[in-house]
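Basis for what follows: all heavy atoms, side chains included, without hydrogens, waters or symmetry-related copies. In each ligand, atom 1 is the first atom listed, and ligand 1 is the first ligand listed. Start at 1 with the first residue, then count along the sequence.
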Amino acid sequence: MVNIGNEASQIRYFCTAGYGMEQFVIDEVTKKLAAHDIERLQGKVLFSSSAHISLVKELKSAERLFLLMKRDSPLKLSAHANPARVASVLKSTLIGDLQSWTSAEVTWRRLQGVVGDKKKEESKCEEQRKVEEENVCGEDNEGDIPIMKKRRMMDCEDEYVYTGDDQDKTRPQANRHCSGPLSFRISCKCSGSVSRHLSVQEVSKVLGTSLSGQLGWKVDLRNPQIEITVYLRDDHCLLGIPLTRLPLANRRYIKTTGLRSTVAWAMGELAQIQSGSLVLDPMCGVGTILIEAAQEHKLACFLGLDIDDRQLHKASENVAFAELRDRMHFLKASSTHMPLPNASVDTVVCDLPFGKKFGTKTDMAASLPLILAEMERVLRVGGSLVLLLSPQLSCLLKKLLTPPQTGTQEAANQEGVQDVTSTPTQGKEPSIGLMTESCLPLSSLKHQTSLRLSLGTIDGLLHKYIKTHA
Ligand SMILES: C[S@@+](CC[C@H](N)C(=O)[O-])C[C@H]1O[C@@H](n2cnc3c(N)ncnc32)[C@H](O)[C@@H]1O
């Protein structure tokens, strides 16, 4: 499964992605990594690429990145199988050919920048030994030695490796770069009917015993070099090694997080921002959507509006932290009365308040017609509008932006079009009676696409419109 050739060899990876984000991952790996043999599973994307690992680690739409060890069909276990039979099926399915595990180890070490550069490996081992010595000797010392000790450990942490403890940045990584037996632990996630027949402990025990017995790898629950991650689901069985210590979705350039970074990035992608564009977020919060877009589009400028001083303060801090002050500015203003001329912006992106974290006391259903009318006014002809809304607000948006139809047309459309806004658990639709006559109709905004995605505990809907005429 894993290729071990030279620098240009193909490596098979997989990424986890939030529900609804899979297509963004597929498009991104295709565009940035020239990926091929792409396979989409729910919440995961598998792909092969020969791109340098530093590029792979920069993916913006994915949550976590893994070296793929094994992808198999689901486990076939009968409800009455005895423990010996279960262990045998697990072993043959999960371990399979031992050669693929030794290949994976070589690839993993190469991705750490160790194998193939013996000098570097030796100097890193020497560095590691010194850190460990300082750690022991430094305990009784005072003055500046503990600070030096801490600094050296932090420097050592720059390499990507999953330690299992994302919080503890000062802990030395025992034997991490050295070429002794690999230390590992297993993290298993079972779901669906598999979880009724198997416990994660059983899976970990069978896999752990086989790997230490047959490959000489060492179990280390506290501080392993690698964490073998196993997904056992009704539709697939997947094994991988995480390639980054922190999730890819944790952005090093953002100080205060707002909207989930992967979704914020996807909004900029959907908007298809062009060089030289002015991009507006009229309810910018801490500026996440604009910052994600600015990282990707170096030749565009960005403007954020918000009515809340605290949000604007954090947005300014974020922009300074991301070193984007020359291309991004903020204004205190309401999205219902934007201090901007007609047709003055090329792109509008906006995540309206909803849900527990970002809900407001203001009735968004009542304000939506006015906010949309303002967005339409400031957008130039040909410009794009990308909105993130709750399913409820999405129903209202659809009514606001759908031209009035005859009864027959409406019935025909409803039969043929899949409604991504509806859900069995959805609450009551907001009343259309709240709209003001003066805001309707918003006829120049032409619908392009709508898609549903997970925001963690709730779902949101992304909508894209293009302004077709003045
Ligand atoms: C969902 S949050 C935006 C979060 C943002 N995407 C982020 O990542 O931080 C909505 C924002 O709209 C702002 N807001 C609410 N009503 C507003 C209005 N009438 N005009 C401008 N901003 C408003 C709130 O202060 C809040 O910061």
Side-chain angles (χ1 to χ4, degrees), residues 18 21 60-61 249-251 253-271 273 279-296 302-322 324 328-340 345 347-378 385-394 396-397 430 434 436 439 453-463:
M21 286 292 296
K60 298 292 175 75
S61 50
N250 284 27
R251 306 292 204 238
Y253 48 80
I254 291 196
K255 190 174 172 195
T256 306
T257 50
L259 176 65
R260 204 180 189 90
S261 57
T262 49
V263 174
W265 180 87
M267 290 179 74
E269 282 306 287
L270 205 55
I273 297 165
V279 182
L280 168 73
D281 181 347
M283 305 173 96
C284 68
V286 301
T288 322
I289 306 173
L290 297 180
I291 293 172
E292 286 295 324
Q295 294 288 338
E296 202 72 35
F302 301 87
L303 176 64
L305 311 180
D306 206 286
I307 42 164
D308 186 332
D309 283 317
R310 285 164 307 173
Q311 294 288 86
L312 286 169
H313 178 69
K314 285 181 197 156
S316 297
E317 281 184 347
N318 268 347
V319 166
F321 191 72
L324 290 168
M328 195 173 295
H329 301 278
F330 296 103
L331 271 180
K332 182 172 181 179
S334 172
S335 52
T336 55
H337 296 91
M338 301 187 203
L340 298 170
V345 303
T347 306
V348 177
V349 284
C350 189
D351 155 30
L352 277 88
F354 66 90
K356 269 199 184 133
K357 188 173 174 192
F358 288 117
T360 62
K361 291 189 189 111
T362 326
D363 182 355
M364 266 303 130
S367 312
L368 189 62
L370 200 51
I371 294 172
L372 275 176
E374 274 294 84
M375 289 173 172
E376 185 192 33
R377 181 184 68 76
V378 300
L385 166 65
V386 171
L387 297 173
L388 176 64
L389 296 176
S390 64
Q392 288 87 345
L393 284 175
S394 297
L396 179 53
L397 175 80
L434 292 166
T436 55
C439 301
L453 35 84
S454 165
L455 299 171
T457 50
I458 51 170
D459 279 4
L461 279 116
L462 278 183
H463 305 277

For ligand 1, which atoms have a heavy atom of [X] less than 4.0 angstrom away?
X	value
Q311	27 (O)
C284	5 (C), 7 (C), 9 (O)
D308	25 (O)
P282	21 (C), 22 (N)
T288	7 (C), 8 (O), 9 (O)
A333	20 (N), 21 (C)

Mind checking whether [X] has an N or O less than 3.5 Å away from an N or O of ligand 1?
X	answer
M364	no
S334	yes
L259	yes
D351	yes

*Taking N318 for its side chain and I254 for its backbone only, find out whether a donor-acceptor pair lies under 3.5 Å.*
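No; judged by distance alone, with no hydrogens or angles, the pair does not exist.
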*Examine distances only and state if a side-chain atom of R377 and a backbone atom of L372 form a donor-acceptor pair shorter than 3.5 Å.*
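Judged by distance alone, no pair lies under 3.5 Å.
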_If we only consider heavy atoms of T336, is any one of them less than 4.0 Å away from an atom in ligand 1?_
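No, T336 has no heavy atom closer than 4.0 Å to ligand 1.
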Is the closest side-chain heavy-atom distance between [X] and [Y] below 4.5 Å?
X	Y	result
V279	V345	no
M338	L305	yes
L462	L387	no

_Give me the atom names and distance for the closest heavy-atom approach of M267 to I289._
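So the minimum-distance heavy-atom pair works out to SD-CD1, 3.7 Å.
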*asked:* Tell me the nearest of T257, I289, D306 to atom 24 (C) of ligand 1, using heavy-atom distances.
replied: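 Comparing heavy atoms across T257, I289, D306, the nearest one to atom 24 (C) of ligand 1 lies in D306.
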*asked:* Strictly below 4.0 Å, N to O, side chains only: are K332 and D309 in salt-bridge contact?
replied: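 Yes, K332 and D309 are salt-bridged.
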_Assess whether a salt bridge exists between E269 and K60, defined as any Lys/Arg side-chain N lying under 4.0 Å from an Asp/Glu carboxylate O._
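No, this pair does not count.
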